[in-house]
Amino acid sequence: MTDPHPFSAVVARLRAAGCVFAEDEARLLLGTTADRAELSTLVDRRAAGEPLEHLLGWAEFRGLRVAVDPGVFVPRRRTGFLAQQAIDRARPGAVVLDLCCGSGAVGLAVAAELSDVELHAADIDPVAVACARRNTAAVGGRVYAGDLFGPLPPGLRGRVNVLVANVPYVPSGEIARMPPEARDHEPRTALDGGPDGLDVARRVIAGGPGWLAPGGSLLFETSEQQAPVAMALVRAGGLVPRLAVDDELGATVVVGSFAP
Ligand SMILES: C[S@@+](CC[C@H](N)C(=O)[O-])C[C@H]1O[C@@H](n2cnc3c(N)ncnc32)[C@H](O)[C@@H]1O
């Protein structure tokens, strides 16, 4: 980059690579480093399709700056709606479990909004677990590594007021059609939900009620198309299903609660 005005040079390079928000991204990348060579490398990597958040090392989620290490799922804006649904069901002092926590963004957002939350989180990917531990340390989060409920302390059984899980829910056959940013830079375990996208959700619905406190709720995101099947699964699992939708964010959340 020999342009004496790096901002315009970075914008032009990003625009040529198809970045829709080239100016915003250029500002963020320029804010990351004052070193020209390093900036040039970052711009090349972005132009080659790496997610901006992996280059910055953080993502903005519900007004919070959440660390996102390379290889960790980037929290999506629409998932702010899942976090809001969880917040709406949690009281100060609530026990909150963020399953499939990735960076820990959802649990962190809930704990940041309410006082005194006892936050537990878990993920199967050790890279995500390390990231979530850093992100949730300030709110006292305890983060476990392993398959869904497997690594949780047995003493948590029957105590969880809000179980929130942004499970992977992309049908296997649709992964190839995802944008390269996700397909090539986020782990398949973070995306692939099996043939109909609901394999992990099925396991959460089957295991979740045993961890819920009386009156507790279980929440997860789906696509609009998956919602009717997901609601039926929740009902068959012994919980009362409810659907929450935010058209603006394109977010669909299925909530299962014990009958009052
Ligand atoms: C869609 S990402 C969501 C991450 C985070 N909750 C968020 O919204 O940004 C799904 C996460 O589920 C994790 N995961 C997939 N299968 C899992 C399993 N069987 N047990 C625990 N975590 C799992 C992945 O590693 C990934 O971090």
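Both counts, for ligands and for their atoms, begin at 1 and track the order of listing. Numbers for residues simply follow the sequence, beginning at 1.
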Any donor-acceptor pair under 3.5 Å linking the side chain of [X] with the backbone of [Y]?
{"X": "E174", "Y": "R177", "result": "no"}
{"X": "Q226", "Y": "Y169", "result": "yes"}
{"X": "R183", "Y": "E181", "result": "no"}
{"X": "N135", "Y": "G104", "result": "no"}
{"X": "D98", "Y": "G107", "result": "yes"}

Short N/O distance, under 3.5 Å, between [X] and ligand 1?
{"X": "C100", "value": "yes"}
{"X": "N166", "value": "yes"}
{"X": "A190", "value": "no"}
{"X": "D147", "value": "yes"}

Could you list the atoms of ligand 1 found under 4.0 angstrom from a heavy atom of [X]?
{"X": "G146", "value": "20 (N), 21 (C)"}
{"X": "R203", "value": "19 (N)"}
{"X": "T79", "value": "8 (O)"}
{"X": "D125", "value": "25 (O)"}

With a 4.0 Å cut-off on heavy atoms, is [X] in contact with ligand 1?
{"X": "E221", "answer": "no"}
{"X": "V200", "answer": "no"}
{"X": "P168", "answer": "yes"}
{"X": "C101", "answer": "yes"}

Nearest to [atom] by heavy atom, [options]: which?
{"atom": "atom 21 (C) of ligand 1", "options": "I124, V170, D199", "result": "I124"}
{"atom": "atom 27 (O) of ligand 1", "options": "L108, V164, D123", "result": "D123"}
{"atom": "atom 20 (N) of ligand 1", "options": "L148, D98, T189, D192", "result": "L148"}

Inset, instruction - Give a yes-or-no answer on whether the side chains of T79 and E221 include a donor-acceptor pair shorter than 3.5 Å. - result: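 There is such a pair (donor and acceptor under 3.5 Å, judged by atom type) between the side chains of T79 and E221.
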Legend entry - Test: R65 cationic atom under 6.0 Å from F61 six-membered ring centre, within 45° of axis: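 Not satisfied by the 6.0 Å and 45° rule.
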Inset, instruction - For the pair D196 and R202, find out whether any cationic side-chain nitrogen is under 4.0 Å from an anionic carboxylate oxygen. - result: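 Yes, this pair counts.
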Inset, instruction - Indicate if L219 and L108 have the same hydrophobic cluster label, given that clusters are the connected sets of ILVMFWY residues with side-chain heavy-atom separations under 4.5 angstrom. - result: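 Linked within one cluster.
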